[in-house]
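Beneath this line is the structure, given in C-alpha cells, with notes to follow.
Below, all heavy atoms of this structure are taken into account, side chains as well, without hydrogens, waters or symmetry copies. These numbers come from a predicted model, not from an experiment.
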Amino acid sequence: MTDSGMGSASGAYGRGGGGGRSGRAVAVTAAGVLATAVLAAGCGPLDPEADAQRQPPVRATTAPPAPSPTDDGKGAAEPAATAPPASPSAPPPSTEPVTAPPPTPSSPAPTPSTAPPAPQILMRTGSEGAQVRELQARLRQIGHFGRNPTGYYGTVTADAVRSFQAKRGTGATGSTDAVTWRKLLAMTRTPTADELDPPTERPVAKPDKRCLTGRVLCISKKSRTLAWMIDGRVVSAMDVRFGSEYTPTREGEFPVYWKSRDHVSTLYDTPMPYALFFSGGQAVHYSADFAANGYGGASHGCVNVRDKKKVAALFDQVKNGDKVVIYW
C-alpha cells in the first residue's frame, strides 16, 4: 500500500511538478506575450484610427516635423519634400504661340551705273603744242576758227571748239575730247605746212626805211606785225599787240640790250618768256594772254607775240645790239 501510495504521491508530485513546469511555461509565455504587447505599444498603437486620434493637429508650415526617436535611438526617415505652392502673383504661363519678329529689311545692293564713261579729254584751255596747232588749222578749214594757228589753247580756241560741238550735237564743253577730235578728223583734211605755220595772220606792212639795213626787228603799229629782217629781207613775221593808252609802247629806234629766256616781271609778277629788252622795262616777248584772248587785251607797254614757236626761234637768232624800230 505504502509503496503504492508513495507511488501515487510521487506520481501526483510528478504531475504536480509537471504541472508546475507547465504553469511556469504558461507564465513565461504569458509574460513574453505581455512584453511583446508593451514593446509594440512603444512604437505606436496598431489601430490606425486610434493613432490618428492621438496625433497632434497639423500646423500650417512648410518645414517638415522633427523626426520622433525610435527604440533603437535612430531618427526616423525624413519625409519627401513637397514643392511649395505657386505664388499667387506670378502670371500663368502664356498659351499663345510665340511669333518671331519680322526680319529687318536690308538695304538693297547698289545698282551698277549703266552710264557710259566720259570721253577722254585730249586738249583743253591752257594746252599748247603741235596738236593744238593742228586743231586750230582744221577748225579754220570749216569756218570755226577765224585766225592763224598759234599752238596755244585759249578762250578763242575754246569758243571755236564749243561752236563746232554745238553744231554737231555733242556736249558743248569747249574742251576737245576724243569724240570731238574724231568728228573733226572725219570732216577735215590734213593741214598743209602753210596752214599750220602761216607767215602771219596779218599782211606785213611796208617796212620803214630804217629797217632796210642791218639786223632789225621792224614793228608796225598800224599793221600790228613784227618782221625780223636782215639787210632788207624778211626772215620771219608774226602778229603783235601793244600797250594800252595808259601804258603805251614807245616809238622810235632802240638797241636790244638784254635777253632773258624765262623772265618774270618783277613789277606785275607775270611771265615774260623769250624777252628781248629794248627800252627800260619794255621788251618783245611771248604772251600767253595774247595767244588766248587775241586783241581783246593789251600789254603794259611791251610788244606781245602770240606765236610761241616763232618768238622762241626769234629769241635764238637776235643778238644784243640788234636794232628795234617801232613806227606807225
Practice task
Specify whether Tyr268 and His300 have parallel, tilted or perpendicular ring planes, treating 30° as the upper limit for parallel and 60° as the lower limit for perpendicular.
Solution key: parallel

Handout entry: Heavy atoms from other residues, nucleotides or ligands near CG of Asp269 exceed 12 (cutoff 6.0 Å)
Key = no

Would [X] and [Y] pass as an ion pair if we require N to O under 4.0 Å?
| X | Y | answer |
| --- | --- | --- |
| Asp159 | Arg162 | yes |
| Lys309 | Glu128 | no |
| Asp177 | Arg124 | no |

Check whether any side-chain heavy atom of [X] lies under 4.5 Å from a side-chain heavy atom of [Y], and answer yes or no.
| X | Y | value |
| --- | --- | --- |
| Leu217 | Val325 | no |
| Leu184 | Val161 | no |
| Asn293 | Val156 | no |
| Met187 | Arg168 | yes |
| Gln141 | Pro191 | yes |
| Lys323 | Phe254 | no |
| Leu185 | Arg182 | no |

Practice task
Would you please test Lys183 and Thr170 for side chain to side chain contact (heavy atoms under 4.5 Å, CB included) and show each step?
Solution key: CA-CA 10 Å; Lys183 287 182 179 292; Thr170 60; 3.5 Å; yes

I'd like to know if the side chain of [X] and the backbone of [Y] have a donor-acceptor N/O pair within less than 3.5 Å.
| X | Y | value |
| --- | --- | --- |
| Gln165 | Ser175 | yes |
| Glu195 | Thr192 | yes |
| Asp316 | Ala313 | no |
| Arg306 | Gly294 | no |
| Tyr257 | Gly280 | yes |
| Gln131 | Met123 | no |
| Thr176 | Trp181 | no |
| Arg241 | Asn304 | no |
| Ser299 | Gly243 | yes |

Problem - side chain to side chain contact (heavy atoms under 4.5 Å, CB included) between Thr270 and Val264, intermediate numbers included - result: CA-CA 5 Å; Thr270 55; Val264 176; over 6 Å; no

Under 4.5 Å between side-chain heavy atoms, hopping through other hydrophobics if needed: is there a path connecting [X] to [Y]?
| X | Y | value |
| --- | --- | --- |
| Met229 | Met238 | no |
| Leu135 | Phe145 | yes |
| Val305 | Val132 | no |
| Val216 | Val311 | no |
| Ile230 | Leu212 | no |

As an exercise, state the distance from [atom1] of [X] to [atom2] of [Y], rounded to the nearest 0.5 Å.
| X | Y | atom1 | atom2 | answer |
| --- | --- | --- | --- | --- |
| Phe290 | Cys302 | CZ | SG | 13.5 Å |
| Thr249 | Gln282 | OG1 | CD | 5.5 Å |
| Thr173 | Ile121 | OG1 | CD1 | 5.5 Å |
| Trp228 | Ile219 | CH2 | CD1 | 11.0 Å |
| Asp322 | Phe278 | CG | CZ | 14.0 Å |
| Cys211 | Asp231 | SG | CG | 12.5 Å |

Practice task
Answer yes or no on whether Lys259 is positioned over the face of Phe315, meaning its NZ or CZ is under 6.0 Å from the six-membered ring centre and within 45° of the axis.
Solution key: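 Output yes; distance and angle both within limits.
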
Which heavy atom of [X] sits nearest to which heavy atom of [Y], and what is that distance?
| X | Y | answer |
| --- | --- | --- |
| Pro207 | Tyr327 | CA-OH, 3.5 Å |
| Ala283 | Met272 | CB-CE, 4.4 Å |
| Tyr286 | Ala291 | OH-CB, 3.8 Å |
| Ser220 | Phe242 | O-CZ, 3.7 Å |
| Val240 | Tyr295 | O-OH, 3.1 Å |
| Arg215 | Val318 | NH2-CA, 4.3 Å |

Practice task
Using the test salt bridge (charged side-chain N to carboxylate O under 4.0 Å, His left out), find all partners of Arg210 that sit at least two apart in sequence or belong to another chain.
Solution key: Asp208

[X] and [Y]: side chain donor to acceptor below 3.5 Å:
| X | Y | value |
| --- | --- | --- |
| Tyr274 | Ser260 | no |
| Thr150 | Asp307 | no |
| Ser223 | Thr225 | yes |
| Thr157 | Gln136 | yes |

Practice task
Walk me through it: do Asp239 and Lys310 pass the test salt bridge (Lys or Arg N to Asp or Glu O under 4.0 Å)?
Solution key: CA-CA 10 Å; Asp239 301 326; Lys310 286 186 175 183; over 6 Å; no

Practice task
For this output row, return yes or no: ring centroids of His263 and Phe277 closer than 6.0 angstrom.
Solution key: yes

Practice task
Please find out if less than 6.0 Å separates the ring center of His144 from that of Phe164.
Solution key: yes

Practice task
Please assess Leu122 against Gln120 for the test side chain to side chain contact (heavy atoms under 4.5 Å, CB included), listing each intermediate value before the final yes or no.
Solution key: CA-CA 6 Å; Leu122 303 179; Gln120 178 187 6; 4.0 Å; yes

Problem - Intermediate values then yes/no, side chain to side chain contact (heavy atoms under 4.5 Å, CB included), Ile326 and Lys221 - result: CA-CA 7 Å; Ile326 303 175; Lys221 283 189 172 182; 4.0 Å; yes

